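Everything quoted here is computed from the prediction, not taken from an experiment. Convention: sequence-line order gives letters A, B, ...; per-chain numbering from 1.
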Protein chains: 2
Amino acid sequence: MPERGRPRTFDRTAALRRAMEVFWAKGYEGASISDLTAAMGINSPSLYAAFGSKEALFLEATELYTQVEGTDIWSALEKAPTARQAVERFLRQTARAYSQTGRPQGCLIALGALHQDSSRGAICDDLRRRRAENREALLRRLERGVAEGELPADFDCGTAATFYATVQHGMSIQARDGASRSALLETVAGAMAAWIAMASTGAA
Amino acid sequence: MPERGRPRTFDRTAALRRAMEVFWAKGYEGASISDLTAAMGINSPSLYAAFGSKEALFLEATELYTQVEGTDIWSALEKAPTARQAVERFLRQTARAYSQTGRPQGCLIALGALHQDSSRGAICDDLRRRRAENREALLRRLERGVAEGELPADFDCGTAATFYATVQHGMSIQARDGASRSALLETVAGAMAAWIAMASTGAA
DNA sequence: TGAATTATGTATCGATCAACACAGAAAGCA
DNA sequence: TGCTTTCTGTGTTGATCGATACATAATTCA
């Protein structure tokens, strides 16, 4: 199926990946069109022709981020044989991902646009929705643990899901502060220490 | 000691407090001079005459924030009779402070400037330093718990301090997402569940 | 080959950014 | 009463923001 008109001279997906990295490092409003076009290797008219607007580009970038960077973390959650291992691997993968060198530290979804503004309501809403989905995924895995008898029937899955999702968010700020992998794993150790008490008595 | 020249027609401290609230809600780069002067009820030359620059104003605002908003949280840490109660009250005060209505949600120190940039290195450094001080205060209180015999000698104060500081940071993002007080207290419950395991076996 | 279509590069749009020039106003000091 | 000092309001600065106009280049379709 050949395309009409002059073909694009850059790789759209590669350019999107570069844009994702800029947004990841600088946040939505901290990333200017100049920053983006410089990293993408194109001029601004090409950016607008290919992606529509800065906002639309950001939404595509977060989707790419979710697929590319989130896979390891969330597959760990699904594939682990027990809920406890699922949560632990989820957090350990997070620690690993947030402390990789040569890339921005912390999570684009968590840090990309925290300050709501009339001009970026859609951006904040999108990220909020994705953060809520993270908690939902945790919640589903915990409820599975209850259904399978691994966890007591009175285990408070909602509290635990909120807690572990919040810990992960905190790890993004910790990573932005330059925390080493071992420092992030300290947080993981603390969070997993909570598991014992939560699983044995029901939450808190 | 009377001042020379025309006296200021606005209350400098009150104006600073307004500026603090704007920075708190919008972050450093999200708060424009127009936003600030509108909230402070002054024109920009008065702002620059009284505070020097946007950056200097922000640094004063964070200092005011630390003194005004941080007092309850950190006095809870110092005054509680046991380390455990200290940490729990610290987190519960955090949940309370982060979910008060009629004010920005979450913490100015945690959320004010997460994306480093050449133009705001001093801002990021200042906030990072204050976040590090939070962890240090937690660490000192925990070490006191060990010294007083409340906690076992092999209790890993560093790990626990990192963990609880990170939980608090996560609560800022949770609060920004509109979490209710009870949702924040779920996170507190999870974090305190970790205490039992950490204090009984040494950290994780 | 020529018309239609799409992408690219240059150059720029109006808006807004942080910051300030300037003149007049309001105080203390002589 | 001047004189000095400091603050206030109007207006504006150059830079940068996100987003486009426009002409040209490169492709498909007829």
Side-chain angles (χ1 to χ4, degrees), chain A residues 1-16 18-20 22-23 25-61 112-113 115 117-124 126, chain B residues 1-16 18-20 22-23 25-61 112-113 115 117-124 126:
Chain A
M1 186 186 293
E3 304 283 344
R4 295 268 307 206
R6 178 176 177 174
R8 190 175 281 125
T9 58
F10 63 95
D11 182 334
R12 189 182 189 279
T13 303
L16 178 59
R18 296 298 196 86
M20 176 192 79
V22 173
F23 281 129
K26 300 194 165 193
Y28 176 72
E29 66 180 349
S32 70
I33 297 292
S34 297
D35 294 331
L36 292 163
T37 54
M40 298 162 87
I42 59 177
N43 295 111
S44 57
S46 296
L47 187 156
Y48 282 93
F51 299 100
S53 67
K54 184 187 179 185
E55 186 169 303
L57 175 61
F58 183 84
L59 295 176
E60 274 202 59
H115 303 289
D117 193 315
S118 56
S119 68
R120 48 183 184 277
I123 299 296
C124 287
D126 180 70
Chain B
M1 183 184 293
E3 305 283 342
R4 294 268 304 203
R6 177 175 176 175
R8 190 174 282 127
T9 57
F10 63 93
D11 182 335
R12 190 183 189 279
T13 302
L16 178 59
R18 296 297 196 87
M20 177 192 80
V22 173
F23 282 129
K26 300 193 165 194
Y28 176 71
E29 66 180 349
S32 70
I33 298 291
S34 297
D35 293 332
L36 292 164
T37 54
M40 298 162 86
I42 59 176
N43 294 113
S44 57
S46 296
L47 187 155
Y48 283 93
F51 300 100
S53 67
K54 184 185 177 183
E55 186 170 305
L57 175 61
F58 183 83
L59 295 176
E60 276 202 59
H115 303 289
D117 193 314
S118 56
S119 68
R120 47 181 184 278
I123 300 297
C124 287
D126 180 70

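In this structure, of D:dG18, C:dA26, D:dA26, it is C:dA26 that holds the atom nearest to the side chain of B:Arg6. When the nucleotides C:dA19, C:dT6, D:dA21 are ranked by their closest atom to the side chain of A:Arg4, C:dT6 comes out on top. Of the candidates C:dA19, C:dT10, D:dT10, the closest approach to any side-chain atom of B:Tyr48 belongs to C:dA19. Comparing atom distances between the B:Lys54 side chain and each of D:dG18, C:dA19, D:dT8 picks out C:dA19 as nearest. Checking D:dC29, C:dC29, C:dA19 against every side-chain atom of B:Ser53, the shortest atom distance belongs to C:dA19.
For the pair B:Ile42/B:Leu36, no side-chain contact is recorded, criterion being any heavy-atom separation below 4.5 Å from C-beta on.
In this model, a side-chain donor or acceptor of A:Ser44 finds a partner on the base of D:dT20 within 3.5 Å.
For the pair A:Asp35 and A:Pro45, nearest-nucleotide mapping onto DNA chain D gives the more 5' position to A:Asp35.
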Pair B:Asn43-B:Ser46, side-chain hydrogen bond (donor to acceptor under 3.5 Å, both in side chains): steps then yes or no: CA-CA 6 Å; B:Asn43 294 113; B:Ser46 296; 5.7 Å; no
Would A:Ile123 and A:Lys54 count as a side-chain contact (heavy atoms from CB on, under 4.5 Å) here? Give the steps. CA-CA 10 Å; A:Ile123 299 296; A:Lys54 184 187 179 185; over 6 Å; no
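An OP1 or OP2 oxygen of C:dC17 is reached within less than 4.0 angstrom by a side-chain nitrogen or oxygen of B:Ser34. Put simply, A:Asn43 has a side-chain N or O that comes within less than 4.0 Å of OP1 or OP2 on C:dG9. Listed pair A:Ser46 / C:dT8 meets the phosphate criterion, a side-chain N or O lying under 4.0 Å from OP1 or OP2. In terms of phosphate contacts, A:Thr9 brings no side-chain nitrogen or oxygen within less than 4.0 Å of OP1 or OP2 of C:dA7.
For the pair B:Arg12 CZ and D:dC7 P, the interatomic distance rounds to 10 Å; values are reported in whole Å. The OH-P distance, from B:Tyr28 to C:dA18, rounds to 8 Å in whole Å. For B:Glu29 and C:dA19, the CD to P distance is 14 Å, given to the nearest whole Å. In this structure, B:Arg8 atom CZ and C:dA26 atom P are separated by 17 Å, rounded to whole Å. Remark: P of C:dA19 and CG of B:Leu57 are 10 Å apart, rounded to the nearest angstrom. Rounded to an integer number of Å, the gap from A:Phe58 CZ to D:dA19 P is 14 Å. Rounded to whole Å, atom P of C:dA7 lies 8 Å from atom CD of A:Glu3. For A:Ile33 and D:dT20, the CD1 to C1' distance is 12 Å, given to the nearest whole Å.
Note on A:Phe51: nothing from the nucleic acid sits closer than 4.0 angstrom, heavy atoms only.
Of the possible donor and acceptor atoms, none in the side chain of A:Arg18 sits under 3.5 Å from a partner among the backbone N and O of A:Gly41.
In this pair, B:Phe23 and B:Phe58 present their aromatic rings perpendicular. The plane angle is above 60°, beyond the 30 to 60° band.
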